[in-house]
Amino acid sequence: MKHYLTALVLIVSAVVFAAEQQGPMANVELLSGTKQRAQFIGIENDTVQLGGYIQNKFTVVRIAKSQFKSIVDDNGKDLLSDTAAVKASADTSAADTLAAATIDSTADSATVATVDSTNAIESPTISETNYASSTFIAYESPDLDSSLARQIFSATSQLITESGDSVQNVSKNEFPECNDDLCIQQALRSKGVKTIYFEKTSRESSGDSLGIELTQILYEEDLPTIHKARIKVSAKSPLSDAFSLNRLTNLVLQAKGVVLETKKSKKSFVFIETDPEGATITRPDVNAICKSPCTFAVSDTNRVEFYAYWNVDAHMWGGQASVLPIPGDTAKISMKLKRIMPEVHIITNPINAEIFKSNEPISKKSKALGTTPSKFNVFEPGMASVILRKQGYRDSLVTFFIAPTAETTISVDLQSLTSPEAIKAQDEWVHDRKMLHVGHMLMGLSIAPVAVGALFAYLGSKDYDDADDIKKELSMPGDTNGANYQKKVKKNKDLADKGDKKMIIGGSLVGTGLVLFGLGLFFTF
């Protein structure tokens with residue numbers, strides 16, 4: 001009888017993870033009182049055939065009809081007695097695809113024959129009522145082929161068993177009342193489970209890879225200890241990729257809280273000499289490494305690009321070279337520098353974006369370096385950054401490497417502003433900046449009238465001085481009715497009148513200049 005029970009357990013284990021049914025589901029009861037669910041295939045020669053998946057292959061188990069008490073389908077029909085209702089499916093054409101398992105009721109031992117599959121790993125049996133107190137695994141794969149998910153699940157289950165945990169595989173379908181992992185976790189915990197594994201295999205957003213995530217929940221005290229690990233594998237060859245470099249094994253170890261040691265790679269070194277010597281050595285991500293000739297370590301394994309430049313009295317020599325690092329050894333480079341005139345060419349789409357320094361916040365008083373497209377001469381290569389601003393578009397912080405070559409071109413596509421708050425803030429900045437420009441212009445215009453007014457005032461004061469000199473001469477004793485005396489009187493009056501006019505003009509111009517300057521200050525602040 002125990003052999004029949006073993007066969008039924010295998011069938012039920014297979015049914016839980018079956019991707020499709022080969023027969024109707026039925027409630028099976030043996031004479032011993034054991035009750036299980038399985039797929040009813042049919043009855044042939046007084047032998048009941050029950051089916052399910054074992055090792056990811058559909059398997060048929062045959063048990064003598066006399067050992068059954070009842071076989072009832074979900075509609076209440078007694079399949080054991082109503083043999084005409086169900087056609088026996090011992091079709092020889094399906095023999096190549098089905099793994100047959102037979103049990104001889106007269107023998108002392110039962111032999112289960114299954115088809116070997118190199119991609120399948122036998123899963124432990126499933127109990128619907130009694131859960132062991134050691135380890136469980138539940139899995140889900142909402143957007144993945146179910147057969148592939150079963151293979152990954154079975155492989156992970158075997159690796160967990162080999163790592164020291166006795167694993168009992170459980171399907172999420174055994175917890176119909178639960179909608180999430182936490183509910184399953186609490187349900188298993190209430191039955192005395194101490195270690196729970198959840199594995200989730202799903203397709204990544206790119207579609208080119210699959211994500212395998214394994215979580216261990218360990219109850220050593222009241223609160224659980226949780227470890228989680230995740231790997232990505234190729235969607236085209238997920239199993240071979242998962243087993244390569246022990247990736248799936250490492251996933252299991254990391255999910256159990258094991259810290260894996262990373263192998264330290266041998267350091268590689270690069271020796272650079274230049275003509276002339278004393279050149280600064282740089283990389284696209286490093287401003288200055290050393291002065292040639294020098295040796296330094298690199299962690300790259302692919303080909304590495306280097307630049308060298310040497311300048312004196314605003315004249316620059318530069319060059320570039322690449323080298324493939326030698327693990328644990330030193331690669332050597334010799335560079336002959338050439339005369340260069342580096343430039344940075346900044347282009348934007350759309351054009352006419354203002355270029356500002358990035359080392360200070362932009363205010364209405366910030367002065368733009370220029371507008372795009374624009375070229376700048378460079379006297380010190382290396383990392384640099386600027387801020388691009390154009391009304392109606394987002395500010396763009398652009399960081400780039402200025403190579404010691406003839407020209408470095410930076411092209412930026414500006415993004416339109418969509419936020420009403422950002423558009424309002426930018427409009428206010430543009431308005432304040434225009435007012436600042438108007439203020440500066442008025443202050444500049446005020447210089448001319450003040451200068452001209454001061455000149456007229458000076459000339460007017462000169463006329464007053466001349467009139468005073470004549471007035472002193474007229475105060476001396478003499479003939480007041482003489483022609484010379486009258487002539488001097490007239491000249492004195494003319495000089496006084498001219499001085500008054502020049503003073504009036506000068507005062508007006510100075511006053512106008514002061515008004516313009518005051519308005520300029522007002523608009524500026």
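This structure is a prediction, so every number in the text was calculated from the model and none was measured.
Classification of Asp494 and Lys490 as a salt-bridged pair holds, one side-chain N sitting under 4.0 Å from a carboxylate O.
Partners of Lys256 according to the salt bridge (Lys or Arg N to Asp or Glu O under 4.0 Å) rule, which considers only residues two or more places apart in sequence or in another chain, are Asp165. Asn246 pairs by the side-chain contact (heavy atoms from CB on, under 4.5 Å) definition with Thr249, Asn250, not counting sequence neighbours.
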task = Check the pair Val170, Phe175 against side-chain contact (heavy atoms from CB on, under 4.5 Å), reporting the backbone distance first and the verdict last.
result = CA-CA 10 Å; Val170 177; Phe175 305 90; 3.5 Å; yes
message = Using side-chain contact (heavy atoms from CB on, under 4.5 Å), reason through Phe306 and Ile289 one step at a time and then give a plain yes or no.
response = CA-CA 10 Å; Phe306 296 95; Ile289 300 175; 4.3 Å; yes
message = Please determine whether side-chain contact (heavy atoms from CB on, under 4.5 Å) holds for the pair Ile184 and Phe198, giving the CA-CA distance in whole Å, both sets of side-chain angles, and the decisive distance to 0.1 Å.
response = CA-CA 10 Å; Ile184 298 175; Phe198 288 104; 4.0 Å; yes
request  = Determine, stepwise, if the pair Lys228 / Leu214 fulfils side-chain contact (heavy atoms from CB on, under 4.5 Å).
outcome  = CA-CA 6 Å; Lys228 183 177 292 186; Leu214 185 63; over 6 Å; no
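The backbone N or O of Asn352 sits less than 3.5 Å from a side-chain atom of Thr372, completing a donor-acceptor pair. When atom types are taken as modelled, the side chain of Tyr464 and the backbone of Asp500 share a donor-acceptor pair closer than 3.5 angstrom.
A donor-acceptor contact closer than 3.5 angstrom is absent between the side chains of Ser292 and Glu277. Side-chain contact of Lys336 with Thr274: a donor-acceptor pair under 3.5 Å is absent, judged by distance alone.
With Val233 as the fixed residue, the side-chain contact (heavy atoms from CB on, under 4.5 Å) test singles out one of Leu248, Leu239, Leu210, Leu251: Leu210.
Residue pairs meeting the salt bridge (Lys or Arg N to Asp or Glu O under 4.0 Å) criterion with at least one partner in residues 391-411, sequence neighbours excluded, are Lys375-Glu407, Arg389-Asp395.
In this structure, Ile326 and Ser268 have side chains that are not in contact, with every pair of non-hydrogen atoms separated by 4.5 Å or more. Residues Leu442 and Val438 meet the side-chain proximity criterion, which asks for heavy atoms closer than 4.5 Å. Under the 4.5 Å side-chain criterion, counting only non-hydrogen atoms from C-beta, Val304 is not in contact with Val270.
Counting all heavy atoms, side chain and backbone alike, Phe517 lies closest to Met443 at CE1-CE, 3.5 Å.
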